[in-house]
Amino acid sequence: MGEIKVKPGICRICTAHCPVVVTTDDGRPIQVKGDPNGTPYEGYICPKGRAMPEMHTDPGRVLFPQRRRADGTFERIPSLQAVEEIADRLKAIIDEHGPESVAIYLGGGSLAQIVGVPMGVALLAAIKSPNFFSASTIDKPAERIALAMHGNWIAGLRSFNDADAWLMVGANPVIAKSSGAPHNNPGMRLKQAVNRGMQLIVIDPRRTETTRRARFHLQARPGEDPTVLAGMIRIIIAEGLYDREFVAANAVGIDELRAAVEPFTPEYVAERAGVPADQLQAAARASAGATRPGAIASTGPSFSLRSNASFYLVLCLNTLCGAWVREGEAAPQPNVLLPAFTPRAQPQGPIPVFGKREMRVRGLRQTTTGLPSAALPDEMLMPGPGQIKAFFCFGGNPVSSWPDQRKAETALQSLDLYVQFDHTMTGSAKHAHYVIGSRMSLEVPAATHLAEGLKYLNPGRGFEVPWGQYVEAAAEPPADSDLIDEHEVIFRVAQRLGLQLKWANVYGSCYTETPTRLIPLDMDRLPTLEELLDLSLCDARVPLEEVKKHPHGLVVEEPVIVEPREAGCTDMLQLGDPLIMAELAEVAAEDFRAERADPTYPFRLVSRRANNYMNSILVGMPVAARNKHHNPLFVHPEDLAGLGLRDGEVARVASRTGELQAVVEADDTLMRGVVAMTHGFGTSEPGVEDGTGRNPWLGANVNLLIPNDSDFDPITGIPRMSNIPVAIGRGRAEAEVPVPA
Ligand SMILES: Nc1nc2c(c(=O)[nH]1)N[C@H]1C(S)=C(S)[C@@H](COP(=O)(O)OP(=O)(O)OC[C@H]3O[C@@H](n4cnc5c(=O)[nH]c(N)nc54)[C@H](O)[C@@H]3O)O[C@H]1N2
Ligand SMILES: Nc1nc2c(c(=O)[nH]1)N[C@H]1C(S)=C(S)[C@@H](COP(=O)(O)OP(=O)(O)OC[C@H]3O[C@@H](n4cnc5c(=O)[nH]c(N)nc54)[C@H](O)[C@@H]3O)O[C@H]1N2
Ligand code: SF4
Ligand SMILES: [Mo]
């Protein structure tokens, strides 16, 4: 044992951003626990957070910049040499193909690296490339699109804390942590809320850890969220249960909405979605009868097509039920590390959904959520002006996470310059020209501002209380390594290209009340990560110096009271957006019986998440796998019997465009006819995991089943990633399963 130190930290594996305490032995992390002094979290931590020491000390960690050789193997090169080579290649590409040939992608891993991506954004701005992509557009792009169509409420949604009804559509926060209930131990918060009388309503085709707490579990067929939500709204309007006064004063479009939901009678919803009429009525009445209701949607409806309609109808429910916070009440989520704003009981009316930039493929365009990442592989592959040739991937794993895995892989292979920032050699990284390892999350200072900004994406998400934390590095990077931070790589590249970079001081968003301030960086001197973080937070509501005095985080106790509507404010919320009303007419006109009756693909595959992994993060690590290294296909036991398959056998799963092999696991929480699988596993090499974890990248990647260019939403570009028609049969015999070397 060397010198033992214990320091506070922030887990940034997911957006819950739990406060933790980190024990190090000579700087090397040996234990991460929940921080009992991180007040709202009360010492909570999940298995992923506890696995951080293993992530940091993983023998496979990328400790030196890696350059790919012609034969596909990698060689170690000095970090400054890597930077020079990247800069020179980038310059040649820009000179030949123009700035539009350069793109960056922000993945889930960049939550840990909070100054890397802003530096990448600054580089794009300096070279005048519009190509900023992020995982947000293959996550829940509809949340901001629906918000743009419906309008936002400046003071925000009433808090989950004292909500007396809460509707969650396709969210399982007990597992996913930050998707529909407060971040601080969502399982416990839900339990406490239900115990104090909150009526929890969950729409999910599975009986999940979250639905177990629900007063109403509407076990609807997947993909039927617009039907179910329209049915609820129809009841609420027809029975006059909505908040007439609030709607009259703050919203337009109720007549259009009333007409659009008319076809969705309880009987129709019952037949189509499988939700009994009395359950639908009871859930609708519970939502509308509550005095402090709230509604939220997550990846279930996002992945099942018609996501804009689902998210929009959730916002309509919030407006109809008067869920927005009123004048004189305490603002639910005043900023701490983000800039101060005046919470007003007034709408910010609809804003344009589309931005200027048009993609070259499928008529897709920039939206309020950004450029559609689902189009990225095509933009890399399609020749002609605007083809993406240089790609910087910040903590993302396209080969794992992008729909149409084979296309994603081919696209990455086609690039002239692919730089991957990651601490592990993922299925994506092995195609990169350069793989750059940086300091990992516990080795750098960090703050909670990104998680604070979630409320700007989806009202109701985010911290339960005004919470802020800033921590210093808790661990030291491994000795004898040549790690180089993402911001440093990009800054030095810009220096070599003679560019002036400008730093954006806030987490930019169209609803951030304070406009982004661009601060020119001194290009003669590399700024430290600390300096950049300070610059990002220079307009924090609670001065950063104050937050820093509370290393275990602080709750800002003093309430911020919601101000009245400004004189002269004429903004109104929109309940009858024409695009969504037209989409509801399309939904009502669908021949759902015929669509369902395809005998070739009798099952519907839905998405779900696993407790021990965050997307592909931690996949393949023994500490997370707990002796189960594969990615099971969950099937109802009676469906299994019907297929003649037994628990643990290998099944073949085929969609209309792809297939995979997976180990089946009996799961009676599913609706009959619905099967479920998580993503994050496997390269595109065929086969199933061998169960030993020796080759974590081999196996069942669900994106083999998902095309990105058919069956997609025309606005978000997001393809059908849940509710996928599939056929299931017996897979290869066990003996044929390849055993990786
Ligand atoms: N079929 C299907 N596809 C999906 C989904 C699904 O449910 N089904 N989910 C979608 C969703 S919601 C999302 S958000 C996307 C996620 O898409 P991505 O963000 O592209 O995928 P992740 O697996 O989260 O990749 C995170 C990467 O970051 C790396 N990483 C972790 N920590 C660090 C760090 O500190 N620094 C750096 N540089 N890297 C780090 C990890 O090793 C990993 O390779 O996938 C989407 N794709
Ligand atoms: N442990 C863990 N936590 C995570 C992640 C992880 O991989 N593991 N990933 C993180 C990320 S990137 C994200 S985006 C969030 C996601 O957070 P959530 O959106 O809460 O993700 P899930 O836990 O998959 O819950 C989605 C639910 O939708 C249901 N569902 C599927 N299809 C449909 C449908 O058509 N309609 C309805 N109503 N429901 C449907 C599924 O059964 C599932 O229970 O989680 C984050 N947190
Ligand atoms: S819930 Fe998220 S932030 Fe909290 S410990 Fe788990 S992975 Fe980390
Ligand atoms: Mo996500």
Side-chain angles (χ1 to χ4, degrees), residues 9-20 32-35 38 41 44-52 107-108 111-112 134-141 143 167-181 183-187 202-211 217-229 273 275 296-307 310 314 401 441 448 451 457-458 461 604-619 624 634 667 669-671 674-680 720-724:
I10 302 168
C11 178
R12 283 141 17 248
I13 294 179
C14 85
T15 46
H17 278 39
C18 300
V20 294
V32 170
K33 293 198 294 189
D35 185 347
Y41 290 77
Y44 173 73
I45 188 168
C46 86
K48 303 185 292 306
R50 273 197 295 268
M52 271 201 286
L111 280 171
S134 80
S136 300
T137 48
I138 43 166
D139 174 329
K140 300 173 281 294
E143 58 189 356
L167 168 70
M168 288 197 275
V169 188
N172 187 15
V174 176
I175 296 300
K177 316 301 176 199
S178 52
S179 62
H183 289 180
N184 45 329
N185 193 351
V202 185
I203 307 177
D204 199 306
R206 297 190 300 130
R207 217 164 53 241
T208 64
E209 297 76 358
T210 301
T211 65
H217 172 204
L218 308 185
Q219 195 163 14
R221 290 200 177 91
E224 294 299 355
D225 301 296
T227 305
V228 177
L229 293 164
V275 176
I296 190 141
S298 197
T299 54
S302 174
F303 293 160
S304 290
L305 297 182
R306 304 218 177 276
S307 52
S310 298
V314 164
S401 62
S441 122
T448 47
L457 304 180
N458 199 346
R461 271 169 80 193
R604 292 297 169 116
L605 173 68
V606 298
S607 59
R608 59 161 289 170
R609 265 141 170 93
N611 200 34
N612 294 357
Y613 308 104
M614 158 76 179
N615 303 331
S616 70
I617 302 176
L618 284 163
V619 169
F634 295 95
D667 179 1
T669 67
L670 287 156
M671 280 181 105
V674 173
V675 297
M677 220 171 146
T678 176
H679 73 298
R720 184 195 280 255
M721 288 157 69
S722 190
N723 191 30
I724 306 162

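Bear in mind the structure is a predicted one, so any value in this text is a computation, not a measurement. Count residues from 1 along the sequence. First listed ligand is number 1; within each ligand, the first listed atom is number 1.
No side-chain donor-acceptor contact under 3.5 Å links D225 to the backbone of S307. With N615 contributing its side chain and I617 its backbone, the two residues share no donor-acceptor pair below 3.5 Å. Using a distance-only test at 3.5 Å, with no hydrogens or angles considered, a donor-acceptor pair links the side chain of S722 to the main chain of S607. For H679 (side chain) and S616 (main-chain N/O), no donor-acceptor pair under 3.5 Å exists by modelled atom type. The backbone N or O of V606 sits nowhere less than 3.5 Å from a side-chain atom of R608 that would complete a donor-acceptor pair. Looking at T299, its side chain never comes within 3.5 Å of a backbone N or O of S302 through a donor-acceptor pair.
Here the protein heavy atom with the shortest distance to atom 2 (Fe) of ligand 3 is C14 SG, 2.3 Å. In terms of protein heavy atoms, atom 25 (O) of ligand 2 is closest to N172 N, 3.4 Å. The protein atom (non-hydrogen) at minimum distance from atom 32 (N) of ligand 2 is S722 OG, 2.8 Å. Protein heavy atom closest to atom 8 (Fe) of ligand 3, with residue, atom name and distance, is C11 SG, 2.3 Å. Protein heavy atom closest to atom 36 (N) of ligand 2, with residue, atom name and distance, is D225 OD2, 2.7 Å. Of the protein's heavy atoms, C18 SG, 2.3 Å lies nearest to atom 4 (Fe) of ligand 3. Closest to atom 1 (S) of ligand 3, if we only count protein heavy atoms, is K177 CG, 3.4 Å. Closest to atom 35 (O) of ligand 2 among all protein heavy atoms lies S304 OG, 2.6 Å. Looking at atom 41 (C) of ligand 2, its nearest protein heavy atom turns out to be S607 O, 3.3 Å. The protein heavy atom nearest to atom 30 (N) of ligand 2 is G300 CA, 3.6 Å. With hydrogens left out, the protein atom closest to atom 29 (C) of ligand 2 is D204 OD2, 3.2 Å, a heavy atom. In terms of protein heavy atoms, atom 8 (N) of ligand 2 is closest to Y613 O, 2.5 Å.
Under 4.0 Å from ligand 2, heavy atoms of P222 appear from its side chain as well as its backbone. The part of H17 lying near ligand 3 is the backbone, judged by heavy-atom distances below 4.0 Å. Contact annotation: for K140 versus ligand 2, heavy atoms closer than 4.0 Å belong to the side chain alone.
Checked by distance only, ligand 2 and N615 come closer than 3.5 Å through their nitrogen or oxygen atoms. Every N/O-N/O distance between V606 and ligand 2 stays at or above 3.5 Å. For ligand 2, none of its N or O atoms has an N or O atom of K177 under 3.5 Å away. Among the atoms of E224, none of the N or O lies under 3.5 angstrom from an N or O of ligand 2.
The closest non-hydrogen atom to atom 24 (O) of ligand 2, taken over R609, R207, K48, comes from R609. Of the candidates S298, A220, A297, it is S298 that places a heavy atom closest to atom 19 (O) of ligand 2. Of the listed options A610, P205, A176, P301, A610 places a heavy atom closest to atom 1 (N) of ligand 2.
The T208 neighbourhood of ligand 2 comprises atoms 44 (O), with distances under 4.0 Å to a heavy atom of that residue.
At least one heavy atom of G223 sits closer than 4.0 Å to an atom of ligand 2.
Note on C46: counted as a metal contact of atom 6 (Fe) of ligand 3, an N/O/S atom lying under 2.8 Å.
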